[in-house]
Amino acid sequence: MEIADQVIATCRKARDASRALALAGTEVKNEALRGAAAALRRETEALLAANREDRDRARRQGVSPAFLDRLSLSRERIEAMAQGIEQVMNLPDPVGEVMKKWQRPNGLIISQVRVPIGVVAVIYESRPNVTADAAALCLKSGNAVILRGGSEAFSTNKLIAGLVAEAASLAGLPPACVQLLESTEREAVKVMLQQSDSIDVVIPRGGESLIRTVTEESTIPVIQHFSGICTIYVDRAADEDMAEAIVVNAKTQRPGVCNAVENLLVHRAVAERFLPRVAKRLADLGVELRGCPRARQLAPGMTPASEEDWDTEYLDLILSVKVVDSMEEAVDFIARHGSGLADGIVTADEEAAVRFAERVDSAAVFVNASTRFTDGYEFGFGAEVGISTNRLHARGPMGLAELTTYKYVVKGSGQVRE
């Protein structure tokens with residue numbers, strides 16, 4: 001079968017499956033998820049073998065150690081995937097929830113009810129756990145899903161998706177509610193992005209180039225997350241011990257992810273005390289610091305920061321540092337250089353915290369906490385299908401509720417409009 005015909009057939013099967021899945025009860029969906037988690041545990045050896053095949057191929061292609069780590073599965077990671085599916089299973093089913101209900105003077109009773117979006121396409125790169133997370137979230141929220149992982153993880157993703165689809169089928173759901181796009185050719189993605197009659201939304205997860213390509217080529221609405229340029233502002237009223245712990249965590253706990261901090265702003269009133277201590281701590285942990293002139297005077301080990309540095313998502317042990325004169329300057333800096341994913345303030349001044357939270361227009365704004373908490377699991381969503389920096393429909397980590405839309409159910413007793 002030609003690539004285009006294969007992709008179109010996959011999309012049409014997903015559309016048909018979505019209609020049945022939208023009507024499925026909570027217990028049926030939970031049974032499918034329970035079976036999927038059990039299948040992952042049962043097939044651990046097969047998953048490890050498939051993953052070894054993918055890793056061997058990736059090594060021959062000369063990928064980086066960080067890339068290889070994201071690609072790799074272990075018994076512990078497989079168990080974590082199974083537990084993630086079970087966490088989604090145990091969450092309340094959003095489908096059918098009455099969000100609002102009111103009665104009009106003419107007696108009409110209007111309800112706003114959550115319903116599935118329909119068919120979701122998820123395009124992602126090297127992490128196989130995304131296959132399990134996305135499939136589980138879409139299944140529980142009543143959406144058929146088409147998964148397109150990176151070619152480097154094809155064997156692993158194919159097995160995971162197949163196990164979830166089989167569990168869905170055994171529970172009485174259409175197996176096409178979970179499908180992996182079989183072709184690894186780029187042409188397959190191009191064709192899929194034109195299937196607006198079958199797919200309702202596309203969620204890309206990966207680097208900025210992937211997301212821009214998907215956005216430019218898609219005729220389907222795309223939920224975007226271009227980059228994670230996160231900033232932490234240490235206010236003049238900050239607890240400096242707390243600020244140090246938060247900054248160190250946000251930069252070093254896992255630097256290669258979108259919610260790691262990339263820019264540090266420090267109020268001039270505390271910079272003389274705070275910057276030398278935090279700079280030493282970060283340098284001891286292998287972080288390269290790039291500072292403005294005032295920051296370099298206080299912590300001479302820094303290298304000069306360029307204008308480009310403030311707009312760079314390093315995804316590495318590199319941090320840009322700037323001394324600011326006020327919270328207003330910090331807010332303006334974030335508006336110019338941030339990506340709208342997550343930004344935070346460290347302060348003991350409640351009024352300053354409120355003003356910062358009101359004025360910073362990001363998907364997540366943190367007060368006295370690390371930006372690393374911008375995560376579906378940490379938000380209590382069980383998992384996430386992505387993190388949105390869009391303004392429409394969904395913002396921030398996307399869990400079950402964000403994978404639904406709504407419809408109005410209007411009940412009358414014979415009313416007609418005059």
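Nothing fancy with the numbering, it's 1 onward along the sequence.
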When rounded to the nearest 0.5 angstrom, what is the spacing between [atom1] in [X] and [atom2] in [Y]?
X: Ile110; Y: Gln112; atom1: CD1; atom2: CD; result: 10.5 Å
X: Leu173; Y: Leu23; atom1: CG; atom2: CG; result: 11.0 Å
X: Met242; Y: Glu240; atom1: CE; atom2: CD; result: 12.0 Å
X: Asn90; Y: Asn30; atom1: CG; atom2: CG; result: 7.5 Å
X: Leu319; Y: Leu289; atom1: CG; atom2: CG; result: 6.0 Å
X: Leu403; Y: Asn143; atom1: CG; atom2: CG; result: 5.5 Å

Is a side-chain donor or acceptor of [X] paired with a backbone partner of [Y] at a separation under 3.5 angstrom?
X: Asp133; Y: Ala383; value: no
X: Asn51; Y: Thr156; value: no
X: Ser18; Y: Arg15; value: yes
X: Asp197; Y: Arg12; value: no
X: Ser362; Y: Asp343; value: no
X: Ser218; Y: Thr215; value: no
X: Gln179; Y: Ala176; value: yes
X: Asp200; Y: Val119; value: yes
X: Ser64; Y: Phe67; value: yes
X: Ser155; Y: Ala50; value: no

Indicate yes or no: at least one non-hydrogen side-chain atom of [X] is less than 4.5 angstrom from one of [Y].
X: Lys322; Y: Leu264; answer: no
X: Leu285; Y: Leu317; answer: no
X: Leu147; Y: Asn157; answer: no
X: Arg127; Y: Leu71; answer: no
X: Leu282; Y: Val247; answer: yes
X: Leu163; Y: Leu40; answer: yes
X: Gln87; Y: Tyr377; answer: yes
X: Leu210; Y: Ile123; answer: yes

Answer yes when [X] and [Y] have at least one side-chain N-carboxylate O distance shorter than 4.0 Å, and no when they do not.
X: Lys13; Y: Asp16; value: no
X: Asp332; Y: Arg359; value: no
X: Glu216; Y: Arg212; value: no
X: Arg34; Y: Glu86; value: no
X: Glu402; Y: Arg395; value: no
X: Arg75; Y: Glu45; value: yes
X: Arg290; Y: Glu288; value: yes
X: Asp93; Y: Lys140; value: no

Salt bridge (Lys or Arg N to Asp or Glu O under 4.0 Å) contacts touching residues 230-239 (sequence neighbours left out):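 The answer is none; no pair qualifies.
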
Item checked: Any pair counted as salt bridge (Lys or Arg N to Asp or Glu O under 4.0 Å), so long as it reaches residues 377-388, sequence neighbours left out ->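 Those involving residues 377-388 are Arg205-Glu384.
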
If you apply the rule side chain to side chain contact (heavy atoms under 4.5 Å, CB included), what do you find for Val95 with Val115, and how did you get there?
CA-CA 5 Å; Val95 178; Val115 296; 5.6 Å; no

**Study point:** Parallel, tilted or perpendicular, as decided by the 30° and 60° cut-offs, for the rings of Phe373 and Phe366
**Key:**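 Because their plane-to-plane angle lies in the 30° to 60° range, the rings of Phe366 and Phe373 count as tilted.
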
Exercise. Side chain to side chain contact (heavy atoms under 4.5 Å, CB included) between Phe356 and Val331: does it pass, once the steps are laid out?
Worked result: CA-CA 7 Å; Phe356 184 90; Val331 171; 4.1 Å; yes

Are [X] and [Y] linked by a side-chain donor-acceptor pair shorter than 3.5 Å?
X: Asp349; Y: Thr347; value: no
X: Thr131; Y: Tyr124; value: yes
X: Ser126; Y: Glu152; value: no
X: Thr404; Y: Arg114; value: yes
X: Gln6; Y: Glu2; value: no

**Request:** For Thr231 and Phe333, run side chain to side chain contact (heavy atoms under 4.5 Å, CB included): C-alpha distance rounded to whole Å, both residues' side-chain angles, the deciding distance at 0.1 Å, then the answer.
**Result:** CA-CA 9 Å; Thr231 299; Phe333 176 97; 4.1 Å; yes

Would you tabulate the side-chain donor-acceptor contacts of residues 184-195 under 3.5 Å, counting partners in other chains and residues two or more places apart, or write 'none'?
unit_1, atom_1, unit_2, atom_2, d
Gln194, NE2, Glu217, O, 2.7
Gln195, NE2, Val191, O, 2.9

Practice prompt. Check step by step if side-chain hydrogen bond (donor to acceptor under 3.5 Å, both in side chains) holds for Ser227 and Glu208.
Written response: CA-CA 6 Å; Ser227 61; Glu208 185 170 350; 4.6 Å; no

Query raised in the report: Under the side chain to side chain contact (heavy atoms under 4.5 Å, CB included) criterion, do Ser111 and Lys100 qualify, and how do the steps go?
Result: CA-CA 6 Å; Ser111 300; Lys100 298 177 187 175; over 6 Å; no

Checking Arg77 against Asp69 for the salt bridge (charged side-chain N to carboxylate O under 4.0 Å, His left out) test, could you report, in this order, the C-alpha distance in whole Å, the side-chain angles of both residues, the deciding distance, and whether it holds?
CA-CA 11 Å; Arg77 289 183 177 184; Asp69 177 67; 3.0 Å; yes

With Ser196, which residues qualify under side chain to side chain donor-acceptor pair (under 3.5 Å), at least two apart?
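Per chain and number, Ser196 pairs via side chain to side chain donor-acceptor pair (under 3.5 Å) with no residue.
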
Which residues share a side-chain contact (heavy atoms from CB on, under 4.5 Å) with Lys280, sequence neighbours left out
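Counting only residues at least two positions away or on another chain, Lys280 forms a side-chain contact (heavy atoms from CB on, under 4.5 Å) with Asp284.
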
Could you walk me through whether Ser320 and Asp309 pass side-chain hydrogen bond (donor to acceptor under 3.5 Å, both in side chains), step by step? CA-CA 7 Å; Ser320 296; Asp309 282 316; 4.6 Å; no

Of all the heavy-atom pairs spanning Ile387 and Cys258, show the shortest one and how long it is.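 Smallest heavy-atom distance, with atoms named: CD1-SG, 4.0 Å.
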
(Q) Other residues, nucleotides and ligands only: do more than 12 of their heavy atoms fall within 6.0 Å of CZ on Arg104? (A)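 Not buried by this count: 12 neighbours or fewer within 6.0 Å.
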
**Asked** With sequence neighbours left out, which residue pairs that include part of residues 245-258 fulfil the side chain to side chain donor-acceptor pair (under 3.5 Å) condition?
**Response**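 Matches after skipping sequence neighbours: Asn249-Ser370, Lys251-Glu262, Gln253-Arg372.
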
